[in-house]
Amino acid sequence: MPPVTVCIVGSGNWGSAVSKIIGQNVKRNNRFSPTVKMWVYEEIIDGKKLTEIINTQHENVKYLPGHQLPKNVVAVSDIAEAVKGAKVLVFVLPHQFISKLCDQMKPHIMEGAFGISLIKGIDEGPDGLKLISQIIRDKLEIEVSVLMGANIAREVAEEKFCETTIGAKNKAHGTIFKELLQTANFRITVVSESDTVELCGALKNIVAVGAGFCDGLGFGDNTKAAVIRLGLMEMVAFARMFCKSEVNSAIFLESCGVADLVTSCYGGRNRKVAEAFVKTKKSIAQLEEEMLNGQKLQGPQAAAKVYQILQKKGMLESFPLFVAVHQICFEGKEVKDFITCLQNHPEHM
């Protein structure tokens, strides 16, 4: 069997952190081609193209400064060139761009290619909600697995120990992705329930926004613990409503579930921006621009999508935390009233 060529589609802080792992792993494993192309959205940094900086300095100076990327990871700005000949596609970019990018990729996808999505977000579909993996699957007509977990990009890049979860309906693909991505300090569990794994990655961002509201209002750790618990209950209930197959509750005890939720509620960007939202009175859009260095915030947008689905189903009262996050971010609900969604939660009735 010829070695498998890998392409990383995306190069933000998470994509760059993952490129460190993949670049090192392919050199040690004969299953993979030793050169990895990484698609980079071209930007000019201090008069130089970002791709040129990455390929000469081997550092993504904008999104992951201070970390050397492996020299066998080659930055490419042309998506057609990046994916040409790639059997394995690793998607790691803001979900807002995935649909258009897949349209550009489609004519250049090799037969038998398959992918894995590291994208934490959701989009609209005919039934109200569409998973990002399903968008990729439909657009490119390939099989797609997912990776979600308590994985703050900078900590992964610093090789601090963490766990993650791969959801792979195709068992053989799950094995390949574990070989490609696992290290001594990046430990992977593979499960078959990929839809539940992916939903965890999107829904936990909504809860993290609520945790940020708590921090901004000075509510303390006891209240934040309640937000985490009640938020987890709403995540489980929503997954059971959305997933066509039976939801395995044990998935929520994997890294993609409670671990990612806790990490996001204490250290993630959604929590950080939500706290600033309370303290500065600025809009979410303004804070995103000021605080995230070109990255995108997922929690408020996920809350908006979830709100639309719950509204259509007449189920707003069953998910008061999700609903409150949306209403505070987009409908002018006073953030000080966030506590009422905890006090009057159905779990307390």
- Mind running side-chain hydrogen bond (donor to acceptor under 3.5 Å, both in side chains) on Lys139 and Ser99 for me, showing each step along the way? CA-CA 8 Å; Lys139 291 271 188 183; Ser99 184; 3.3 Å; yes
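- Salt-bridge formation is not detected for the pair Lys120/Glu198: no Lys NZ or Arg NE/NH1/NH2 atom is positioned less than 4.0 Å from an Asp or Glu carboxylate oxygen.
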- Item | CA sep, side-chain torsions, deciding dist, call: His345, Glu234, side-chain hydrogen bond (donor to acceptor under 3.5 Å, both in side chains) | CA-CA 10 Å; His345 200 281; Glu234 292 192 16; 2.7 Å; yes
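- Between Asn185 and Cys162 there is no side-chain heavy-atom pair separated by less than 4.5 Å.
- Listed for the Glu42 side chain is a donor-acceptor partner under 3.5 Å among the backbone atoms of Leu50.
- In this structure, NE2 on His67 lies 11.0 Å from OG on Ser19, to the nearest 0.5 angstrom.
- The number of heavy-atom neighbours closer than 6.0 Å to NZ of Lys62, taken from other residues, nucleotides and ligands shown, is above 12.
- By the neighbour-count criterion of 12 heavy atoms within 6.0 Å, atom NZ of Lys84 is sparsely surrounded, having that number or fewer from other residues, nucleotides or ligands.
- By the 6.0 Å and 45° rule, Lys224 stacks over the aromatic ring of Tyr266.
- Closest heavy-atom contact between Ala82 and Cys7: O-SG, 3.4 Å.
- Contact of the Val236 side chain with the Val247 side chain is not registered, since no non-hydrogen atoms from C-beta on lie closer than 4.5 Å.
- In Met241, the CE atom is crowded: over 12 heavy atoms of neighbouring residues, nucleotides or ligands sit closer than 6.0 Å.
- Residues Cys265 and Arg271 come closest through the heavy atom pair O-CD, 3.1 Å.
- A side-chain donor-acceptor contact under 3.5 Å links Ser255 to the backbone of Glu163.
- Under the 4.5 Å side-chain heavy-atom criterion for Ile, Leu, Val, Met, Phe, Trp and Tyr, Ile284 and Val335 are members of the same hydrophobic cluster.
- Contact of the Val9 side chain with the Ile79 side chain is registered, since non-hydrogen atoms from C-beta on lie closer than 4.5 Å.
- Lys37 places a side-chain N or O within donor-acceptor distance of the main-chain N or O of Glu81, the cut-off being under 3.5 Å.
- Heavy-atom contacts from other residues, nucleotides or ligands closer than 6.0 Å to NZ of Lys27 number more than 12.
- Distance check: Gln182 CD to Lys178 NZ gives 5.0 Å after rounding to the nearest 0.5 Å.
- Salt-bridge annotation for Lys272 and Asp215: absent, with no side-chain N of the basic residue lying under 4.0 Å from a carboxylate O of the acidic one.
- Nearest heavy-atom pair across Ile228 and Leu261 is O-CD2, 3.5 Å.
- No side-chain heavy atom of Ile53 sits less than 4.5 Å from a side-chain heavy atom of Glu59.
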- Task: Test Thr196 against Arg240 for side-chain hydrogen bond (donor to acceptor under 3.5 Å, both in side chains), laying out the working first.
- Result: CA-CA 9 Å; Thr196 305; Arg240 285 178 174 155; over 6 Å; no
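- Separating the NZ atom in Lys100 from the CE atom in Met105 is a distance of 14.5 Å, to the nearest 0.5 Å.
- Closest of all the heavy-atom pairs between Ser194 and Val146 is O-CG2, 3.6 Å.
- Here the shortest heavy-atom pairing between Val258 and Leu253 reads CG1-CA, 4.2 Å.
- Interatomic distance, SG of Cys243 versus CZ of Phe238, reported as 9.0 Å (0.5 Å rounding).
- By the 4.5 Å heavy-atom criterion applied to side chains, Arg187 and Thr164 are not counted as neighbours.
- Few gaps surround CD on Glu331; more than 12 heavy atoms of other groups in view lie less than 6.0 Å from it.
- The aromatic rings of Trp14 and Phe186 sit perpendicular, their planes meeting at an angle over 60°, well past the 30° parallel limit.
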- Go through the steps for Ile188 and Thr165 under the test side chain to side chain contact (heavy atoms under 4.5 Å, CB included), then give the verdict. CA-CA 6 Å; Ile188 293 171; Thr165 310; over 6 Å; no
- Task: Tell me, with the steps shown, if Val156 and Val18 meet side chain to side chain contact (heavy atoms under 4.5 Å, CB included).
- Result: CA-CA 8 Å; Val156 172; Val18 166; 5.8 Å; no
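- Open room surrounds CD on Glu289; 12 or fewer heavy atoms of other groups in view lie less than 6.0 Å from it.
- For Ser16 (side chain) and Ser11 (main-chain N/O), a donor-acceptor pair under 3.5 Å exists by modelled atom type.
- Scanning both residues, Ala274 and Gly212, for their nearest heavy atoms gives CB-CA, 3.8 Å.
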- Walk me through it: do Phe242 and Leu199 pass the test side chain to side chain contact (heavy atoms under 4.5 Å, CB included)? CA-CA 9 Å; Phe242 174 80; Leu199 266 178; 3.5 Å; yes
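- Aromatic rings from Phe114 and Phe177 are positioned such that their centres are separated by under 6.0 Å.
- Using a 4.5 Å heavy-atom threshold, the side chains of Trp39 and Asp78 count as separate.
- Cluster annotation: Tyr63 and Leu101 are assigned to distinct hydrophobic clusters (Ile/Leu/Val/Met/Phe/Trp/Tyr, side-chain heavy-atom contacts under 4.5 Å, transitive).
- No salt bridge links Arg137 with Glu141; every basic N to acidic carboxylate O contact stays at or beyond 4.0 Å.
- In this structure, the side chains of Phe91 and Leu89 come closer than 4.5 Å at one or more pairs of heavy atoms.
- Checked by atom type and distance alone, the side chain of Asn55 pairs as donor or acceptor with a backbone atom of Ala75 at under 3.5 Å.
- Ring-plane geometry between Phe322 and Phe319 is classed as parallel, the angle between the planes falling under 30 degrees on a 0 to 90 degree scale with a further cut at 60.
- Residue-environment remark: OH (Tyr41) stays at or below the threshold of 12 foreign heavy atoms within 6.0 Å.
- In terms of hydrophobic clustering, with Ile, Leu, Val, Met, Phe, Trp and Tyr side chains grouped at heavy-atom distances under 4.5 Å, Leu287 and Leu297 are assigned to a common cluster.
- Clustering ILVMFWY residues whenever any of their side-chain heavy atoms sit less than 4.5 angstrom apart, transitively, puts Met235 in a cluster other than the one holding Ile251.
- In this structure, Glu52 CD and Ile44 CD1 are separated by 7.5 Å, a value rounded to the nearest 0.5 Å.
- Using a 4.0 Å cut-off between charged side-chain N and carboxylate O, Glu347 and Arg229 make a salt bridge.
- One hydrophobic cluster holds both Leu232 and Val323 under the rule that ILVMFWY side chains link at heavy-atom gaps under 4.5 Å.
- By the 4.5 Å heavy-atom criterion applied to side chains, Ser264 and Asn270 are not counted as neighbours.
- In this structure, CG in Leu69 is found 9.5 Å from CD in Gln24, a value given to the nearest 0.5 Å.
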- Query: Are Val40 and Ile54 close enough, and set up right, to give a side chain to side chain contact (heavy atoms under 4.5 Å, CB included), and what steps lead you there?
  - Reply: CA-CA 10 Å; Val40 174; Ile54 292 172; 4.1 Å; yes
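- For the side chain to side chain contact (heavy atoms under 4.5 Å, CB included) test, residues two or more places apart in sequence or in another chain that qualify with Gln301 are His95, Gln96, Gln298.
- By the 6.0 Å contact criterion, CG on Asn30 is open, its count of non-hydrogen atoms from other residues, nucleotides or ligands being 12 or less.
- Salt-bridge annotation for Asp260 and Lys204: present, with a side-chain N of the basic residue lying under 4.0 Å from a carboxylate O of the acidic one.
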